[in-house]
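One structure is given below, encoded as structure tokens.
These numbers come from a predicted model, not from an experiment.
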Amino acid sequence: MSNTITVRLPGDLAEWLEQTARKTGLPRGRIIREELEKARKSETRPFLRLAGTIAGPKDLSKRKGFSRK
């Protein structure tokens with residue numbers, strides 16, 4: 001590992017990290033690295049998280065009267 005950072009955690013997050021480390025037997029740093037990797041992978045296409053959440057016509061051109069000719 002070549003980079004070191006210091007992060008201040010709120011009490012509830014620090015407690016979760018400590019409990020998770022105890023339960024899994026993994027060091028806290030490894031848990032943090034794994035969670036950061038998950039976050040990085042999920043951001044490859046963040047706009048897709050909203051796909052299918054908006055109701056309306058699939059083709060907005062069906063809505064007549066909005067063109068500016």
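Judged as a side-chain hydrogen bond (donor to acceptor under 3.5 Å, both in side chains), and not counting sequence neighbours, the contacts of Glu35 are Lys38. Take Glu34 and apply the salt bridge (Lys or Arg N to Asp or Glu O under 4.0 Å) test, not counting sequence neighbours, and it matches Arg30.
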Considering only distance and modelled atom types, tabulate donor-acceptor pairs under 3.5 Å from the side chains of residues 7-17, sequence neighbours left out.
residue	atom	partner	partner atom	Å
Glu15	OE2	Gln19	NE2	3.0
Trp16	NE1	Thr20	OG1	3.4

